[in-house]
Amino acid sequence: VCYETTGYYRQPHLNNAYQDSKMRYFKHNKTGIMYVLLHLAEECTNGRENVKYAVYRYLQNDHGVIYVRELKEFYEKFTEI
């Protein structure tokens, strides 16, 4: 598995039990638009294994759109609320 759940979803644990985790909300520094962080993903392509990504969506009116951004850049452009 190449991702870790961070939103209010079921998060797998070693004993195969599931646990709910806290939603994390972020505001885009430039636009002020609110987003929800859904997952932290990890690149699985050979040679890029250590690249991590934020998987996120609009807090309101997401229209099913999911965004992905390198985690380092995400933390530069968004502030957790």
Practice task
Compute the ring centroids of F74 and F26, then answer whether they are less than 6.0 Å apart.
Solution key: yes
Practice task
Quick one: sort the Y35 and Y58 rings into parallel, tilted or perpendicular, breaks at 30° and 60°.
Solution key: parallel
Practice task
Return the minimal non-hydrogen interatomic distance between Y56 and L37, and the atom names on each side.
Solution key: CB-CA, 4.1 Å
Handout entry: Distance, nearest 0.5 Å, that separates NE2 of H39 from CZ of R57
Key = 10.5 Å
Exercise for the section: Could you walk me through whether E70 and V51 pass side chain to side chain contact (heavy atoms under 4.5 Å, CB included), step by step? Expected result: CA-CA 7 Å; E70 283 195 28; V51 179; 4.0 Å; yes
Handout entry: Steps toward side chain to side chain contact (heavy atoms under 4.5 Å, CB included) verdict (Y53, L71)
Key = CA-CA 4 Å; Y53 297 92; L71 193 58; 5.8 Å; no
Completion exercise
NZ (K52) and CD (E43) are apart, to the nearest 0.5 Å, by 11.0 Å
Fill in the blank from the handout: d(R69 CZ, E76 CD) to nearest 0.5 Å is 10.0 Å
Completion exercise
Between the OG1 atom in T31 and the CZ atom in F78, the distance rounded to the nearest 0.5 Å is 7.0 Å
Practice task
Go through the steps for I66 and V55 under the test side chain to side chain contact (heavy atoms under 4.5 Å, CB included), then give the verdict.
Solution key: CA-CA 7 Å; I66 303 293; V55 180; 3.5 Å; yes
Fill in the blank from the handout: Separation between CG (L59) and CD1 (I81), nearest 0.5 Å, reads 10.5 Å
Practice task
Can you establish whether the number of heavy atoms outside E80 located under 6.0 Å from its atom CD is more than 12?
Solution key: yes
